[in-house]
Amino acid sequence: MYNFKAVEKKWQKKWDDEQTFKAVTGEKKPKWYGLIEFPYPSAQGLHVGHPRSYTAMDVIARKRRMQGYNVLFPIGFDAFGLPAENFAIKNHVHPKIITQQNIDNFTRQLKSIGFSFDWSRCINTTDPEYYKWTQWIFIQLFKKGLAYKTTMTINYCTSCKVGLSNEEVVNGKCERCGGEVIQKEKSEWMLKITEYAQRLIDDLDEVDFLDRIKAQQINWIGRSEGAEVEFKIKESDDSLRVFTTRPDTLFGATYMVIAPEHKLVEKYKDRITNFKEVEKYQKEAAKKSDFERTEINKSKTGVELKGLKAINPVNNKEIPIWISDYVMASYGTGAIMAVPAHDERDYAFAKKFKLDIIPVLKPDDPDFDIEKEAYIGDGIHINSEFLDGLNKEEAIEKIIAWLEKEKIGEKKVNYKLRDWVFSRQRYWGEPIPMVHCEKCGWQPIDEKELPLTLPEVKEFEPGEEGESPLASHPEWFETTCPKCGGKAIRETDTMPQWAGSSWYYLRYMDPDNNKELASKKALKYWNQVDWYNGGMEHTTLHLLYSRFWHKFLYDIGVVPTKEPYAKRTSHGMILGPNGEKMSKSKGNVINPDDMVNEYGADTLRVYEMFMGPFDQTAPWSIESIRGCSKFLDRIWKMQDMLVDDDNYSPEHEKMMNKAIKKVTNDIEEMKFNTCVSTFMEMVNEFVKDKKITRKEFRDFMILLNPFAPHISEEINENSKLGEPLAYAPWPTFDEKLTIDDMINLPIQINGKLRATIDVAKDLSQEEIKKIVHENEKVQKLIEDKNIVKEIYVPNRIYNIVIK
RNA sequence: GCAGAUGUGGCGGAAUUGGUAGACGCACAGGACUUAAAAUCCUGCGGACUAAUACUCCGUCCCGGUUCGAUUCCGGGCAUCUGCACCA
């Protein structure tokens with residue numbers, strides 16, 4: 001009986017002791033860098049979702065080593081974050097302590113599954129020697145004008161007195177205490193990712209990301225072309241700028257809408273005759289999230305700014321100005337011109353508040369009724385003076401030329417992407433290495449002083465007004481200005497968790513360097529991550545943020561490549577046995593420790609690869625994992641039928657060549673489930689014939705090794721098949737031997753299968769035709785019928801069309 | 001709402017990308033071994049009609065189209081899942 005517990009421990013110890021999977025910078029072999037998203041070390045320990053992605057990359061990494069590559073396959077911990085801090089607040093334990101415990105537990109768990117990580121390069125984002133460089137990058141961003149301070153609204157719990165993430169806000173209430181959440185103004189550090197928007201789109205051309213990942217990033221960045229147009233405010237020197245993708249519909253603009261937070265409201269509060277009402281609306285809007293505000297089928301709300309009017313620049317008509325929460329301060333200019341005749345949201349708003357609707361496009365459908373709905377389609381312009389009779393493209397071109405000539409607008413590209421809010425009012429994050437001096441303004445600290453470490457404190461509660469916990473430690477924040485030497489105050493906000501994960505793949509290249517984030521030599525040698533696998537949910541944040549940082553580092557000459565990741569793939573989520581997302585409250589959580597204890601690491605690995613297509617969600621099945629365990633037992637028992645022969649046996653030669661081909665290719669396409677079923681078919685075949693030669697077994701074990709490294713090494717050693725498998729050369733196949741000489745050819749009549757015949761491969765149509773027509777069944781079915789035509793797809797199908 | 005995906009037996013899924021739908025595994029049923037059970041091994045397993053592994057018909061979410069032939073391509077619809085910027 002196979003004793004997985006002892007065997008797995010034995011090989012894991014050996015790999016550890018011998019540092020089997022250590023990557024050597026500068027080695028002559030071709031390099032290959034495989035990356036998985038490093039985990040957040042939560043108190044719950046590893047989730048069964050982690051080993052899915054990790055096993056997949058481990059399979060590829062192990063295969064690459066066998067194919068002769070110098071492989072870098074590292075692991076680390078993304079250890080700053082809210083849960084540790086919340087735990088610290090509640091239990092008065094330093095987050096450092098709980099984080100270390102969690103990391104130890106994760107390490108134990110990861111090692112128990114036998115991943116071929118290079119543990120000597122393990123990193124931890126909360127280590128000052130690591131975050132020193134996160135802070136260093138921030139200072140460089142600041143120096144290049146890409147970090148700036150601005151006021152932003154954040155979610156703020158009025159009873160905990162703390163800033164909240166969107167996720168912590170549930171139905172407008174604080175997730176922790178149920179207190180009321182409001183939008184509070186805060187001065188925050190921002191990073192100008194928008195400056196890189198175009199390059200983040202363009203450079204997708206040079207990387208190999210799944211199409212849906214590219215599409216999602218492009219949509220997230222949301223480039224749109226249009227124009228900015230200036231609307232004068234009547235009886236004032238101010239004007240409202242709007243961005244529109246349809247400047248050609250300007251003649252149909254019958255009112256304007258600005259975001260409730262728009263600065264103009266405050267400025268003109270004396271002229272707004274219904275300011276009380278306006279103020280009330282602003283307060284209500286502040287309670288809603290962006291998501292609630294932009295929901296299209298909710299009914300539109302808004303308040304007119306009475307006493308203010310705007311002038312439509314194309315016809316000098318006076319139009320009213322409204323505030324409404326469907327307009328976002330953060331997108332475009334925070335103001336829109338409304339063309340209700342041709343925009344659904346504007347139409348709904350105009351109907352509700354009885355505003356003018358002027359069609360400026362002639363519908364294609366003559367029965368179209370503008371009284372009933374907005375016309376969204378294209379058409380020839382009407383009611384538009386000098387644009388009349390033009391189509392969309394012509395009209396856009398003409399109006400932009402006109403706007404530019406009259407100096408009331410210009411062509412403009414707008415992006416949905418917003419700048420990155422980089423401040424957190426939290427303790428457990430990298431301190432932002434900035435100092436504020438009355439005289440000199442914001443100054444970065446001297447780079448020689450890095451890392452700026454977190455002070456050792458006992459309490460982690462936020463301040464009265466929602467300031468960072470660091471703000472209650474004057475001994476830490478009182479300092480001197482690096483420029484003038486006068487009194488100055490440190491920034492007390494910390495960085496978001498995204499910071500440390502935006503560049504961690506670079507640190508793996510040279511993790512112990514205390515002079516640079518990584519040496520030039522290491523950066524040049526490892527160059528780029530060759531293959532990065534991670535969750536689809538990180539596509540628009542982490543993946544985009546790290547591409548942005550990488551491009552910046554490229555611009556300042558730190559890294560040699562424009563893009564961090566040459567290839568990006570994604571895995572699907574694992575659901576609970578009931579088909580729902582695993583969660584403690586639903587009681588459907590599967591613990592990887594239990595699986596390793598009960599079935600062993602190899603079974604867990606094989607099952608996770610077998611459970612379904614790698615890129616799709618899959619529910620856990622308690623019964624199916626047992627099937628994988630049984631499968632490995634059957635392989636172990638195959639040692640009893642070993643035949644002392646250093647060749648393939650004639651009856652297995654084709655199968656071996658086919659299997660090597662299939663597994664070799666399927667791993668590259670991440671079709672791990674079909675690799676495992678290929679292994680199962682092989683076992684069925686060997687067991688049926690009750691024999692396996694030494695060479696067959698050896699090659700089979702090499703193919704299996706990336707999936708089930710422990711049992712394959714043990715069988716290889718136990719049955720004396722050869723050298724250890726970790727660096728054994730990957731088997732090759734002979735294309736000729738993957739093709740069968742005889743084929744089973746289906747015969748269809750009118751597209752329906754009626755018979756099959758066994759014929760030699762590559763017969764000509766004439767030869768096949770003869771055999772087909774001799775077939776009794778075929779004769780019966782075609783007698784008295786007219787043969788219209790006969791189709792032969794060589795080695796695929798023979799179809800007779802009859803009437 | 002916006003964006004991205006998915007839909008095939010009782011279940012997870014396979015199908016060389018337009019060519020025998022259901023590989024492989026699970027569950028289930030029958031048998032062998034056993035005093036018995038577990039484990040293991042063998043057989044069957046989409047549905048209907050059947051004595052039948054003879055025939056025949058239906059069948060890859062729904063409706064329509066292209067084709068000798070559609071799970072695969074096109075148009076329209078329905079359902080489910082994921083993300084939405086301070087969750088990691």
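Proteins come first, then strands; the chains are lettered A, B, ... in the order of their sequence lines, and each starts at number 1. In this text the structure is predicted, and so the values were computed from the model without any measurement.
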query = Using the C1' atom in both, what is the distance from B/G44 to B/A27, to the nearest Å?
reply = 14 Å
message = Does A/L417 reach a base, just sugar-phosphate, or nothing at all? Heavy atoms under 4.0 Å.
response = base
ask   = Of the candidate nucleotides B/C84, B/C86, B/G4, which contains the atom at the shortest distance from the side chain of A/Q216?
value = B/G4
key: Atom pair distance, as rounded to whole Å: NE2 in A/H571 and C1' in B/U82   = 12 Å
inquiry  = Applying a 4.0 Å non-hydrogen cut-off, can you work out what A/Q44 is touching in the nucleic acid: base, sugar-phosphate, or nothing?
reply    = nothing
ask   = NA contact type, A/P39, heavy-atom cut-off 4.0 Å: base, sugar-phosphate, or nothing?
value = nothing
request  = Report which part of the nucleic acid A/K662 touches: base, sugar-phosphate, or nothing (heavy-atom distance under 4.0 Å, all strands).
outcome  = nothing
remark   = Readout for nucleotides 20-27 of chain B: B = base within 4.0 Å of protein heavy atom, S = sugar-phosphate only, - = neither; 5' to 3' it is B--BBSSS
ask   = Are the ring centres of A/F460 and A/Y427 closer than 6.0 Å?
value = yes
task = Verify the distance criterion only: is there a donor paired with an acceptor across the side chains of A/Q779 and A/H773 at less than 3.5 Å?
result = no
remark   = Here the distance between atom C1' of B/U16 and atom NZ of A/K761, to the nearest Å, is 13 Å
Which protein N or O atoms sit under 3.5 Å from an N or O of nucleotides 6-8 of chain B?
none

Enumerate donor-acceptor pairs with a distance under 3.5 Å from any side-chain N or O in residues 629-641 of chain A to protein atoms, sequence neighbours excluded.
residue	atom	partner	partner atom	Å
A/R634	NH2	A/N684	OD1	2.4
A/Q639	OE1	A/N718	ND2	2.9
A/Q639	OE1	A/S719	OG	2.6
A/Q639	NE2	A/W636	O	3.2

inquiry  = Using a heavy-atom cut-off of 4.0 Å across all strands, would you classify A/Y545 as base, sugar-phosphate, or nothing?
reply    = sugar-phosphate
request  = Please work out if A/H542 contacts a base, only the sugar-phosphate, or nothing of the nucleic acid, heavy-atom cut-off 4.0 Å.
outcome  = nothing
query = Given the C1' atoms of B/A23 and B/U16, what is the spacing between them in whole Å?
reply = 12 Å
ask   = Between A/K149 and A/E491, does at least one N-O distance fall below 4.0 Å, as a salt bridge requires?
value = yes
ask   = NA contact type, A/S423, heavy-atom cut-off 4.0 Å: base, sugar-phosphate, or nothing?
value = base
Cation-aromatic face contact A/R568/A/Y532, 6.0 Å, 45 degrees = yes
message = Could you tell me how far apart A/I574 (CD1) and B/G12 (C1') are, to the nearest whole angstrom?
response = 12 Å
query = Of the candidate nucleotides B/C87, B/G4, B/A14, which contains the atom at the shortest distance from the side chain of A/L82?
reply = B/C87
query = Should B/C84 form a Watson-Crick or G-U wobble pair with both distances under 3.5 Å, which nucleotide is its partner?
reply = B/G1
request  = Taking atom types as modelled, find out whether A/S53 and A/N533 have a side-chain donor-acceptor pair closer than 3.5 angstrom.
outcome  = yes
